[in-house]
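Some notes on the structure that comes next.
Just so it is clear: chains get the letters A, B, ... in the order the sequence lines come, proteins before strands, and each one is counted from 1.
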Amino acid sequence: MAELLSTMAEVTLGPGYQIVFEAIDPTTGAPVSGVVVSEIAIGAEDISGTSSADQSPNALLVPGS
Amino acid sequence: MATVIIEAQQNADTPYTYTLTGAQTFRPESAFAHFDGTGASGPFLACLTFKSIDGKIFSRTFPSTAIAAGGVADVSYAPFPGGLIQNAGGSGIQFDTLNVGGWLDIDTTGTGPSGEGVNVVATGNDATYSAAHTFINGTDSFDGAVTITGKANVVVTTTNGPRFLELTDDADSVVLSSDNALNLISGAGNFGNGVNIVSENVNGITLQLASAGATLEITDSNGQPILTVNEDGTSYLIKTGQAWVASL
């Protein structure tokens, strides 16, 4: 299985902003269907101090160090 | 400020979206996802996209190589991945992955185990080269001999008008070699004037019969001999019913 690396923008995200994992066609940029993502994890610096209270049904926030 | 880890709890079809809640503000430092393209409709780039409140994309990043349809990959995202190690082979071309990019420049300075600087062997299937314009540019050059070995015929086709293949060697002779018959065939198309052999050299043209018993023949449209010269020079045959006429 391939291990791939990508750069990532250094930005601060606020309420309502979206983080999207998606699959696009290398040539056209169109979405590619049939791709499944799992084991998603995002490490983030919690600026608001409220992230541990997140109750999103699709995400679980675990306070880190 | 604390670092938090956001973890999705289930498999999800792409695009998978995590929306920051009412009071959340954070700066992503890293991200990870396992992309499973077993059911993918085609090769794809594993993207991490940031969108603003109104849904506009303001960042989209992805690895330099695409994942083939049917492939799976663990993908990590970090602000500065350049110092990280990607696979055992480094961050370049990878096996079992569709490598897609703007260009590829191969420049070797050493000799590999094959004895070559660049050695391409496709054991599982034929190697195919496809280019929209030109694969070997007219200004390219080769140092040393160029050998083309084909399982069957080697076919060179260009769109350069009637002159579809040109072999040029200013320093020495151009040799066409064959273990069997060597045929120069001019088709019935409208280009050119049949088969032309032209020598601009003072030494002219030599047709050598190198085997005893060989003949040099000129035939008619039915393949019947008009003029035959034997290798030993002892005889010639004029087409039956035709006289030998010397026009001086």
Working for side-chain contact (heavy atoms from CB on, under 4.5 Å), residues B/V75 and A/V37
CA-CA 10 Å; B/V75 185; A/V37 290; over 6 Å; no

Residues B/Y16, A/I40; criterion side-chain contact (heavy atoms from CB on, under 4.5 Å); working and verdict
CA-CA 10 Å; B/Y16 172 79; A/I40 290 174; 3.2 Å; yes

Show your reasoning for whether side-chain contact (heavy atoms from CB on, under 4.5 Å) applies to B/R27 and A/V11.
CA-CA 6 Å; B/R27 181 181 298 119; A/V11 293; over 6 Å; no

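For the options B/G37, B/S41, B/A33, heavy-atom pairs under 4.5 Å to chain A are most numerous at B/S41. For the set A/D25, A/I24, A/T12, A/V32, the count of heavy-atom pairs under 4.5 angstrom toward chain B peaks at A/I24. Ranked by heavy-atom pairs shorter than 4.5 Å toward chain A, the options B/A46, B/A31, B/A12 are led by B/A12.
Only the side chain of B/S59 comes within contact range of chain A, with at least one heavy atom under 4.5 Å from a heavy atom of that chain.
Ring pair A/Y17/B/F58 is perpendicular by interplanar angle, where above 60° counts as perpendicular and below 30° as parallel.
Of all non-hydrogen atoms in A/M8 and B/F50, the two that sit nearest each other are CG-CZ, 4.0 Å. Counting all heavy atoms, side chain and backbone alike, B/T61 lies closest to A/T7 at OG1-O, 2.9 Å. A/P26 approaches B/P43 most closely through the heavy-atom pair CD-O, 3.2 Å. When every heavy atom of B/N11 is checked against every heavy atom of A/S38, the shortest pair comes out as OD1-CB, 2.8 Å.
In this structure, a donor-acceptor pair under 3.5 Å is absent between the side chains of A/E22 and B/T14.
Remark: A/P31 pairs with no residue by the side chain to side chain contact (heavy atoms under 4.5 Å, CB included) rule, at least two apart or across chains.
The line from OG1 of B/T25 to CG of A/L13 is 8.5 Å long, rounded to the nearest 0.5 Å. Here the CD1 atom belonging to A/I42 is positioned 7.0 Å from the CG atom belonging to B/L48, to the nearest 0.5 angstrom. To the nearest 0.5 angstrom, B/L20 atom CG is 5.5 Å from A/I19 atom CD1. A/F21 CZ to B/Y18 OH: the interatomic distance, rounded to the nearest 0.5 Å, is 11.5 Å.
A 4.5 Å side-chain heavy-atom check between A/L4 and B/T65 finds at least one atom pair inside the cut-off.
One N or O on the side chain of A/S6 and one on the backbone of B/F62 form a donor-acceptor pair closer than 3.5 Å. Although no hydrogens or angles enter the test, the distance criterion places no donor-acceptor pair under 3.5 Å between the side chain of B/T19 and the main chain of A/Q18.
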